Amino acid sequence: MLRKMLIVAAVATVAGTTACGASSTASGGQTLRVGITDSPIDSLNPFVAQYVLPLSVMRNVYPYLVGYKGEHVGPDFASSWETSKDGTTMTFHLHPGAKWSDGQPLTSADAVWTIQTTLKFAKSSTAGLAFLLNGVTSASAPDDHTLVIKLAAPLSTAIAQFAMLPILPQHVYASAAAGDGSGLRRFANSAPVVSGGPFALSEYRKDEFLLLKRNANYYGQRPKVDAVGIRLYSSGDAMVSALRNNEIDQAKVVPATVVDKLKGDGKLRVSKVPSADVFVLGFNSNSAKPEHRELLDPRVRKAIASAINRPQLTATATVGTGTVIDTLLPPSIGGGWTATGVKLPAFDADGANRQLDALGFKRGADGVRIASGHPMSYKVRFVAGERERQFESIRNDLGRIGVKLEAAPSDASSFVSAVHGPNDKYLDTDLFLNNWMSLYDPTLQLSVLSCGQLGNLNDAGYCNKTYDGLLQRQATELDPAKRKAIVDQMQQILNDDLPWIPLYARAILDAHASTWDGFVTSPYTTDFLSTNAFAGVQRSG
Amino acid sequence: MSQFRFLRQPAIAVAAGVLALTLLVALFAPLLATSEAGRRVGPVFGSPSSAHPLGLDDAGQDVLSLLLRGARTVLIVGAAASLVAVLIGCAVGVLAGYAGGWVDSVLMRITDYFLVVPALPFMIVVAAIWGPSLSHIILVIGLLSWTQMARLTRAQTMSLRERGYILRARGLGSSHLRIVTRHLLPHLTPLVVANAALTVATAIFAEAALAFLGLGDPTSVSWGRMIEHAFSRSALSAGAWWAFVPPGLCIAAVVVACSVIGQGVAEIANPQLQHDHLPPRRVRLRATAAGGGEDDSGGSDSGRRLRRRTAATVMEES
């Protein structure tokens with residue numbers, strides 16, 4: 001269900017959009033004009049939205065119990081919280097006297113309503129948020145500014161889950177939750193939206209722009225800008241030229257190819273932070289797959305991994321801004337989650353050739369190796385577009401070790417079903433290129449390759465009971481050091497079985513006019529785990 | 001060499017030269033291209049240098065080598081799609097024009113439907129459903145470009161089938177097949193060739209458009225795809241003009257060359273086309289020339305030709 005949010009699919013939108021200037025609608029004061037490319041808005045309904053940009057809008061519009069400060073969870077609507085000795089009861093102390101943007105009181109009753117409603121329809125209309133309440137049994141409100149959440153068992157990921165759960169205004173949503181709750185999924189949540197966060201969504205035009213105005217009733221620190229206009233661009237060129245022409249003040253995620261040009265412009269500032277987005281080459285790991293079964297052998301996978309020149313691939317794909325990675329947890333998420341001892345074999349095409357020779361895969365007349373009677377020629381599935389370049393690079397590398405790759409591109413909407421194959425049986429696919437965005441808490445990223453996610457998030461058809469056991473254990477292990485050891489062990493298992501060859505993590509490149517400052521970067525294209533992105537932004541000169 | 005007379009017109013000669021050059025490049029691309037296909041030879045968007053006169057693209061590949069290899073794809077798509085269009089168009093047009101009656105009505109209604117289909121959106125949809133590959137692109141373009149050909153051949157066939165020699169052949173008991181293959185088709189050839197050249201131009205353009213929209217064959221190098229890659233990595237903002245200007249110029253050159261040749265052939269095959277472009281003042285010439293007296297001061301090329309033709313007709317008839 002989180003698939004779309006996690007796969008940050010860079011799909012070039014065919015239809016060009018000519019948005020009107022986001023600044024035109026601002027009424028005096030300071031308005032920050034932000035441009036962004038390739039970041040679609042699927043919905044503004046918190047039960048439906050899965051893409052990063054709408055989630056970031058939610059983050060700035062709705063109150064959240066807790067939020068991230070860097071990679072650590074800190075207070076937000078809850079100024080403090082404590083967990084009972086047995087680890088199953090969490091008590092949150094909320095800001096007293098808070099109000100929604102329409103003047104209605106914002107109290108623990110809204111939080112209770114949100115949690116209970118999400119739990120009630122968890123199998124149907126609220127499934128989009130229900131995964132954030134895994135392990136939660138109920139919520140109650142002893143008074144207006146205290147929230148008590150009951151857990152089924154101690155849960156190390158509880159706080160990380162609540163950091164993503166918006167608190168919704170009961171008085172707005174209650175009517176949609178009537179009956180079987182199906183109204184919740186249909187709720188349009190069209191602007192203006194009743195807000196409890198730092199900003200209120202006052203205007204939204206599909207594929208064009210969003211206008212966030214400061215919420216006067218916000219319980220926390222007032223943002224310095226009066227409004228933020230976010231304009232959606234369909235091409236990087238259009239966004240960059242808008243930035244140069246002072247039509248926007250900040251460009252989110254500028255193309256890596258233009259960074260050097262922008263750095264040379266004295267009127268602009270460019271920031272670069274490693275992204276939490278991890279690009280991988282995946283193997284279909286279903287042990288029942290009928291063909292090309294040599295790819296199930298970890299030794300073959302290791303040989304393929306060492307034949308790929310990952311540094312060069314990274315340099316081409318990210319124009320030198322990305323980082324080569326060895327595990328699915330990128331260093332950018334912090335917290336020490338990346339297992340430093342887990343390494344992929346270094347680039348060594350000769351070694352890979354020797355390894356495949358040793359395994360008895362002789363080269364045929366055309367130079368392609370033969371494995372149990374068939375040529376080692378495989379299809380690679382990927383989303384057409386930018387990934388073609390990755391594919392070409394890997395194809396050239398593997399061509400040198402006698403492994404032939406063929407492109408099997410598909411569009412973003414059919415990619416997942418193509419990889420899973422008919423009825424999610426994982427029988428047809430050999431290899432695929434995909435990317436996954438890790439949260440600060442590693443559980444979700446680790447769970448992608450669990451048996452429980454077969455047919456859902458799991459793109460490799462990989463299922464390992466030991467790994468699944470560890471996934472459960474780390475989620476309930478409250479001692480951080482012990483939890484970290486388990487997470488390390490899981491990364492080692494993936495390194496041994498190699499369902500994914502991690503390739504690289506790109507960088508988040510933002511540029512803004514030098515007349516503004518106070519921007520806070522995050523490893524996500526737009527920050528959906530904190531309100532820091534716009535909180536301290538102001539005109540500097 | 002009277003059939004190559006049209007090459008004496010400078011525009012047509014240049015166009016033929018461009019096409020001949022493209023054809024040579026397409027044939028010998030593997031020998032001419034300095035760097036191996038798909039090989040990274042330097043940094044992303046590396047500037048033009050002596051080793052790489054047209055610089056490097058967004059994957060660090062030599063643009064000149066890609067340009068040379070792309071010529072092959074472009075000509076294959078242009079020629080094959082045009083062939084598909086010619087075959088369908090001629091079959092429909094000749095059948096409708098020769099048979100007439102309800103066959104004509106049915107075929108022309110079908111043609112009308114294809115004629116009003118907005119070509120590019122339809123191509124995008126079909127290419128997206130069938131999946132990107134060279135043969136699909138050729139088929140899609142061919143299937144949407146035959147209507148013009150069908151319309152023209154039908155009209156010409158209807159005119160030809162009432163001519164004396166065809167009526168005589170029919171009177172002598174020639175089969176329909178024989179009449180069509182021996183008497184009709186040879187007279188249609190100039191029209192078909194002219195229109196085919198124009199269809200090649202359309203097809204090349206359509207391929208570039210599809211490739212630019214990301215629906216090109218991912219395994220082949222084509223000029224449209226070069227522009228698409230440059231665009232998707234923001235070559236314009238990066239200042240890497242060499243990644244998109246050369247393929248753009250090449251597409252323009254080949255498309256214009258095909259159009260010029262197509263129109264040149266059409267004019268020679270059917271001199272009446274020139275009359276259509278005559279401004280009213282020159283049309284007056286017909287009366288004066290036919291009157292056989294007064295000289296004209298215009299003296300333009302077409303005016304003179306027209307007079308000569310009129311005089312010849314008069315002489316023939318007298």
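None of the values given here were measured: they were computed from a predicted structure. Naming: A, B, ... by sequence-line order, numbering from 1 per chain.
Only the side chain of Arg40(B) has a heavy atom closer than 4.5 Å to any heavy atom of chain A. In this structure, no portion of Asp217(B) lies under 4.5 Å from any heavy atom of chain A. Contact of Glu406(A) with chain B is not made at all, since no heavy-atom distance falls under 4.5 Å. Contact annotation for Asn396(A): only side-chain heavy atoms (C-beta onward) come within less than 4.5 Å of a heavy atom of chain B. For chain B, the nearby part of Ala317(A) is the backbone; its heavy atoms alone come within less than 4.5 Å.
In this structure, Asp57(B) pairs ionically with Arg389(A), as a charged nitrogen and a carboxylate oxygen lie closer than 4.0 Å. Note on Asp350(A) versus Arg400(A): no salt bridge recorded, every NZ/NE/NH1/NH2 to OD/OE distance being 4.0 Å or above.
Your options are Val259(A), Val258(A), Val240(A), and the one with the most heavy-atom pairs under 4.5 Å with chain B is Val258(A). When each of Arg244(A), Glu392(A), Arg395(A), Glu388(A) is checked for heavy-atom pairs under 4.5 Å with chain B, Glu388(A) comes out on top. With chain A as the partner, the residue from Ser234(B), Ala240(B), Gly239(B), Ala59(B) showing the most heavy-atom pairs under 4.5 Å is Ser234(B).
Aromatic ring centres of Phe212(B) and Phe231(B) lie closer together than 6.0 Å.
Between Ser47(B) atom OG and Leu54(B) atom CG the span is 12.5 Å, to the nearest 0.5 Å.
In plain terms, the two heavy atoms of Leu144(B) and Phe122(B) that are nearest each other are CD1-CD2, 3.3 Å.
Atom CZ of Phe114(B) sits in a sparse spot, with 12 or fewer heavy atoms from other residues, nucleotides or ligands closer than 6.0 Å.
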